[in-house]
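For ligands, and for the atoms within them, numbers begin at 1 and follow the listed sequence. Numbering starts at 1 and runs along the sequence shown.
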Amino acid sequence: MTEIRTYWQNFIGGKWVDGARGRRIAVENPATAEPIAEIARAEVEDVDRAVAAARRSFEAGALTGLRPAERAALMFRIAAELERLTEEVALAECLDNGKRLSDARAQAPEAARYFTYYGGLADKLEGRMIPLGDGYVDYTIPAPYGVSAQVVPWNYPISLAARSLSCALATGNSVVIKSPELSPLSVCLLAEACERAGVPDGAVNVICGYGSDAGAALVAHPGVDHIVFTGSVATGRAILHAAAERIVPCVMELGGKSAGIVYPDADLDRAVASTAVGIYSNAGQICSAASRLLVHRSIHDEVVDRLVAQAKGLRIGPGIEDSDLTPLISARQLDRVEGYCLAGAQAGAVAATGGRRVPDRPGHFMQPTIFTGVTPDMTIAREEIFGPVLCVLPFDEPDEAIAIANGTDYGLVAGVYTRDLTLAHRTAERLVAGQVFVNEWFAGGVETPFGGTKRSGYGREKGQEALLNYVQTKNVAIRLTGAA
Ligand code: NAD
């Protein structure tokens, strides 16, 4: 299983098409830095076509005209088609994103799970009857926005695309997805699953282009009614400016600098293993990565020793070999991550292990890195590095730990390790984050609401709450007339 299609197209109006200007984007394997495929490059004309197709589909009631239970059935068919594409998706995610094979094999089932979960809710989205007294009937309708533009980042392309698309379809919106230019291939397979499942033409469109032209044109397009963006704060801000021009509602899923707090009574085996999963999965390129660990001073050195031993045991290599630590997405990302590490060392932090790229090998491999001697004001403790780099900070009192955890511009997730349930509850209450994990980083799933506070964004994806971002409440107030 190492052969991959070498040319991929955009999916617009139910057809597979080249870019309007015939240009292509080269897609690279981050484990080798060699090109593996090309994808049709969408530009402004393609954005126009995709939005027009989505608009036609919405106006024609292609999804809203289906009974909710039929929409659910359509979504279950998409899920089944995704399951069938598990190996193709795994290969695409291994080769264009660098994902570890076992994680890559989980991508299509995870994407499918979004469609079964939200498919199951498609016929349960109910309005309310509001009592206005004799002579009136009043009710609410959860109405779709229309055309939803969804801009997807490169770190979890099919899973994040499915996360937003499934909510949009469950609620009857038509969609244009802008897939990430660095790792777009699995999102084409999502479009393929939609096509095979019989999604009406134009209800789902997938285009791949650069953020600065196709992405910017999409979010500023007059035919777009709703935007879901997952990506960096800087791009989120630019998109919000474009959205503000036309008062378009947005869901913003942005970055993080999330902290786990290890209290002295914690199960240290669990805390260390969980932190390792939290910071080395996908080479640390996860918005909710466990990038800071706040450890009670009494156990600080022991925890650091265990973390270092764990890091030194990691097998670094290509995702296709199911390595523990896979490459970063690009040479640029590797420079960025290494740059943060060099700046951290210059500021006085100490690399207990790692701190540099893996020398003398092709591809974009970064060493697993653990910094001690980090103070909360250091750049490496405040900014999202988006690599396998963990900052460990000591604390003495819970108040201090909570203040450090809350002391960045971000607020996506946080973690607590303790056997004391009261302390866990009290800490979780005071952590400013959209989700708090207790004793297991990444606990939760498709069912649990996820999203940011502060610069990590707003709106929620996952869980039943997510659907509320994809509908607008319409109220119908009726004065009954005529004979009683
Ligand atoms: P990015 O912001 O550089 O790009 C994300 C997407 O936006 C890409 O598809 C890109 O082409 C597009 N884009 C870029 N400029 C644009 C513009 N002006 N208008 C419209 N679209 C534009 O982010 P990235 O580097 O791909 O992803 C990493 C970031 O994503 C990290 O900050 C990470 O924390 C965040 N992220 C957040 C979540 C979440 O759910 N909160 C999940 C995954 C990643």
Task: T235/S232 under side-chain hydrogen bond (donor to acceptor under 3.5 Å, both in side chains): CA gap, chis, key distance, verdict - done: CA-CA 5 Å; T235 306; S232 64; 3.1 Å; yes
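For residues 438-462, the set of pairs meeting the ring-ring contact (aromatic ring centres under 6.0 Å, His included) definition, not counting sequence neighbours, comprises F437-W441. Within the structure, side-chain hydrogen bond (donor to acceptor under 3.5 Å, both in side chains) contacts touching residues 403-414 (residues at least two apart or in different chains) do not occur.
The immediate protein surroundings of ligand 1, defined as residues with any heavy atom under 4.0 Å of it, consist of V151, V152, P153, W154, N155, L160, R163, K178, P180, E181, G211, G215, A216, F229, T230, G231, S232, T235, I239, E253, L254, G255, C287, E384, F386, L412, F450.
Residues forming a salt bridge (Lys or Arg N to Asp or Glu O under 4.0 Å) with E59 (at least two apart in sequence, or on another chain): R55.
Put simply, the side chain of L254 does not reach to within 4.5 Å of the side chain of R455, judged on heavy atoms.
A cation-pi arrangement is present between K99 and Y156, with the terminal nitrogen or guanidinium carbon under 6.0 Å from the aromatic centre and inside a 45° cone about the axis.
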